[in-house]
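Within every chain, numbering begins at 1; the chains are lettered A, B, ... in the order of the sequence lines, protein sequences first and strands thereafter. Quick note: numbers below take in every heavy atom, side chains included, and nothing from hydrogens, waters or symmetry partners.
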Amino acid sequence: MINLEIANTFERIANLLEIKGELVYKVLAYRRAAESIRVLTTEISSMSSKEIMNIPGVGKAIAKKINELLTTGRLEFLQKLEREVPSSLIELLQIQDVGPKKVALFWKHANITSLAELEIAALAGHLRNLPGMGEKSEARILAGIQVLKQHKQRLPIHKALKIAEIWMEKIRKIQHLERAEIAGSLRRWKTTIGDLDFVGSTRSPDQVMQFFSSQDGIKRILSQGENKTSVECEEGLNIQLWLQPPERFGSLWQFVTGSKEHNVRLREYAQRHNLSLSERGFIDQNLKETLCFNEQDVYETLGLQYIPPELREDRGEVQSAISHNLPQLISIEDIQSDLHVHTDWSDGKSTLEEMTQEAIKRGLRILAIADHSIGSPDIDNGMDEKRLQEQRRLIKQLQIHIGHSLLILQGVEVEILLDGSLALPNDVLSKLDLVIASMHDHHDQPRSVNTERLIKAISNPLVDIIAHPGGREVPRTEGAELEWEPIFHAAHKHQVALEINSNPFHLDMDEIRSHQAVNTGCLLSINTDAHVSYRMDNLKFGIGIARRGWVSSQKVINTWSKAKLLDWLKNRKK
DNA sequence: GCCGTTTTCGGCCCGACTGTTTTCAGTCG
């Protein structure tokens, strides 16, 4: 059983216990354990019992359950729970404004156990007579069911960012608003975004909220107050605007940026120092306030190192900030090269010249052209020996033409075949400056087969980078199932860099794998995989993943100088 | 159910908003 399955099991237990009406702290304990396990960088099945007990949020009782899951694949506790509480109730928790108490109410007072039954009851007006319910609540629930039925998924980050930028512009034009910023999971660069959060400072909150909720593009107002207003926009996304006066802006921005789990951890730490922390600032036991104009003031008041938004997920960042031990995260300014772009020589839309000009415009020092090889699925004009030679000649000419500011390398994205061999022979690959290997099909093989296939490619001494190792395509497929640890060890041993692909449809490896890879000693490469010149702008998404994965610049070969990178390429061929 | 710079027991983050209520429970982030 893999970590994800174990984490999902505990999440399921938490949901069922919550509906059953179990003590909230017990529910919370299962949720915390589930989340720690989900982001663990080692497979639990390979851990000792002592190591398992060291997982944050895992104590005696949960460790015992993990052990039962690992040895039998089942859990008696969960099976008993499922006999008591219908599991079809869990999906009701996804409805807006429906929590565990309401679910239990519908179940116990109206014998409702599914989404369909709830909708029928709401349409028939049967919910309004339940204790604590009324017509308005019934209508809200019906609206919530409609939203859920529209299959509303979290948006990929690049789409959310586009919508957010439009709204940010609208919001900044509102009068009496002194400052406005993006917060929430978008500021933390999460791969998918559920809703948009904005924060602002003002002394006239009523007027600002009035302006905000009367903007074009709003479908309905979910709630409106002077501190917080929540609307659903026409794109189907919920948008929140939070306001505080300027002297409280820092604590507000910190709070709304989240994550919730990070904030809980931070507030617990504040409490141990006899301070109560909220979006309004700090308050001590004598009710004396400490206000935070800037976000940094929040962490400084607690004596902590400043924690960048991307790390605020309660994955040990507070502990590291206490000991002033946070990593120096990579930033977009550190990047000197893009080592994986395509041109119209294969399936790209831009020419060699256009890609080169774009790289110069972006201040890059090195650009590697890596068109698809023959043998790649859905590519009609994959590169073979002859066309690679031809392209090489043109690259040389282009290099002379543009001078020394940018070094153009000739690479290839060679297809990893089903048996792990490469689609081009070694004597062709050895003439190139850089070799990227990747697999684009047959992801549905068993985990061990996929793993072996990838490791065979990694072991080829001519391979420098493995691109998008898992092959996920958001949201179409999660890609190949892999045993990551042996892959990391092989990549480390053969000094092959693993890619963080910045294309928002890939973002592969993800942040957890990236963290794990670096911990195993692997080198990473962050590339755009741009198929048209302006897509080099996607780099920011790859950087977001790396920063969320605690990656510092030394581990990323794209931050290296020309000399260092060329040295590495030369030496590893030996 | 977890956990400890007052602790192996008694806590466990905090405020905003809504709706159904006459003072609060539920939900959310």
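- The side chain of A/Tyr25 approaches B/dC12 more closely than any other nucleotide in the set B/dG29, B/dC12, B/dC2.
- Comparing the C1' positions of B/dG26 and B/dT21 gives a spacing of 13 Å, expressed to the nearest Å.
- Side-chain nitrogen and oxygen atoms of A/Arg272 include at least one within less than 4.0 Å of the OP1 or OP2 phosphate oxygen of B/dT5.
- Using a distance-only test at 3.5 Å, with no hydrogens or angles considered, a donor-acceptor pair links the side chain of A/Arg472 to the main chain of A/Leu507.
- In this structure, A/Ile55 atom CD1 and B/dC3 atom C1' are separated by 16 Å, rounded to whole Å.
- Comparing the P positions of B/dG29 and B/dT22 gives a spacing of 28 Å, expressed to the nearest Å.
- The side chain of A/Ser137 places no N or O atom within less than 4.0 Å of a non-bridging phosphate oxygen (OP1 or OP2) of B/dG19.
- In this structure, A/Asp206 has no salt bridge (charged side-chain N to carboxylate O under 4.0 Å, His left out) partners at least two apart in sequence or on a different chain.
- In this structure, the nucleotide among B/dG29, B/dT27, B/dC14 sitting nearest to the side chain of A/Phe255 is B/dG29.
- With both ends at atom P, the span from B/dT5 to B/dC13 equals 15 Å, rounded to whole Å.
- OP1 or OP2 of B/dG29 has not a single side-chain nitrogen or oxygen of A/Lys260 nearer than 4.0 Å.
- Atom C1' of B/dT20 sits at a distance of 9 Å from the matching atom of B/dA25, rounded to the whole Å.
- At B/dG1, one or more side-chain N or O atoms of A/Lys65 fall inside 4.0 Å of OP1 or OP2 (strictly under the cut-off).
- For the residue pair A/Gln240 and A/Ser230, a side-chain donor N or O sits within less than 3.5 Å of a side-chain acceptor on the partner.
- Separating the P atom of B/dT23 from that of B/dC28 is a span of 26 Å, rounded to the nearest Å.
- Closest to the side chain of A/Val264, from the set B/dT27, B/dC13, B/dC14, is B/dC13.
- Note on A/Glu261: nothing from the nucleic acid sits closer than 4.0 angstrom, heavy atoms only.
- To the nearest whole angstrom, the two C1' atoms, one in B/dT8 and one in B/dC3, are 9 Å apart.
- Of the listed nucleotides (B/dC14, B/dC17, B/dC12), B/dC17 has the atom at the smallest distance from the side chain of A/Ser223.
- Taking both residues in full, the closest heavy atoms of A/Phe293 and A/Pro246 are given as CD1-O, 3.3 Å, listed atom of the first, atom of the second, then distance.
- Within a 6.0 Å radius of CD in A/Gln79, more than 12 heavy atoms belonging to other residues, nucleotides or ligands are found.
- Within 4.0 Å (heavy atoms only), A/Gly258 reaches no atom of the nucleic acid at all.
- Judged purely by distance below 3.5 Å, without hydrogens or angles, the side chains of A/Asn325 and A/Gln319 never pair a donor atom with an acceptor atom.
- Computed from coordinates, the A/Met133 CE to B/dT27 C1' distance equals 13 Å when rounded to whole Å.
- The CG atom of A/Asn274 sits 12 Å away from the C1' atom of B/dT5 (whole-angstrom rounding).
- The cationic atom of A/Arg315 (NZ for Lys, CZ for Arg) does not lie both less than 6.0 Å from the six-membered ring centre of A/Trp550 and within 45° of the ring axis.
- Using a 4.0 Å heavy-atom criterion, one finds that A/Val256 contacts no nucleic acid atom at all.
- Here the C1' atom of nucleotide B/dG29 and the CG atom of A/Leu277 are 14 Å apart, to the nearest Å.
- Counting non-hydrogen atoms under 4.0 angstrom, A/Leu28 reaches nothing in the nucleic acid.
- Relative to the side chain of A/Arg140, the nucleotides B/dT27, B/dC13, B/dT18 differ in distance, and B/dT18 lies closest.
- If you measure from atom CG of A/Leu130 to atom P of B/dG26, you get 14 Å, rounded to the nearest angstrom.
- Although no hydrogens or angles enter the test, the distance criterion places a donor-acceptor pair under 3.5 Å between the side chain of A/Ser259 and the main chain of A/His262.
- A/Asn15 and A/Arg31 share a donor-acceptor pair across their side chains, judged by distance under 3.5 Å alone.
- Donor-acceptor pairing under 3.5 Å is recorded for the side chains of A/Ser331 and A/Glu333.
- Residue A/Tyr30 places at least one side-chain N or O closer than 4.0 Å to OP1 or OP2 of B/dG1.
- Not one side-chain nitrogen or oxygen of A/Asn263 sits closer than 4.0 Å to the OP1 or OP2 atom of B/dC13.
- Residue contacts shown for A/Leu252 are absent, as no nucleic acid heavy atom lies under 4.0 Å away.
- As judged by a 4.0 angstrom heavy-atom cut-off over every strand, A/Val27 is placed among residues making no nucleic acid contact.
- Using a 4.0 Å cut-off on heavy atoms, the residues of residues 228-250 of chain A that approach DNA chain B are A/Lys228, listed by number.
- Between the P atom of B/dT5 and the CD atom of A/Gln271 lies a distance of 14 Å, rounded to the nearest Å.
- Side-chain proximity of A/Lys136 to B/dG1, B/dT20, B/dG26: nearest is B/dT20.
- Taking every side-chain heavy atom of A/Ser278 into account, B/dC14 is the closest of B/dC14, B/dT27, B/dT6.
- At a threshold of 4.0 angstrom between heavy atoms, the contacts of A/Ser259 with the nucleic acid are absent.
- Here B/dC12 presents its P atom at 18 Å from CG of A/Asp314, a figure rounded to the nearest Å.
- Close to B/dT18, at under 4.0 Å from its OP1 or OP2, lies no side-chain N or O of A/Gln224.
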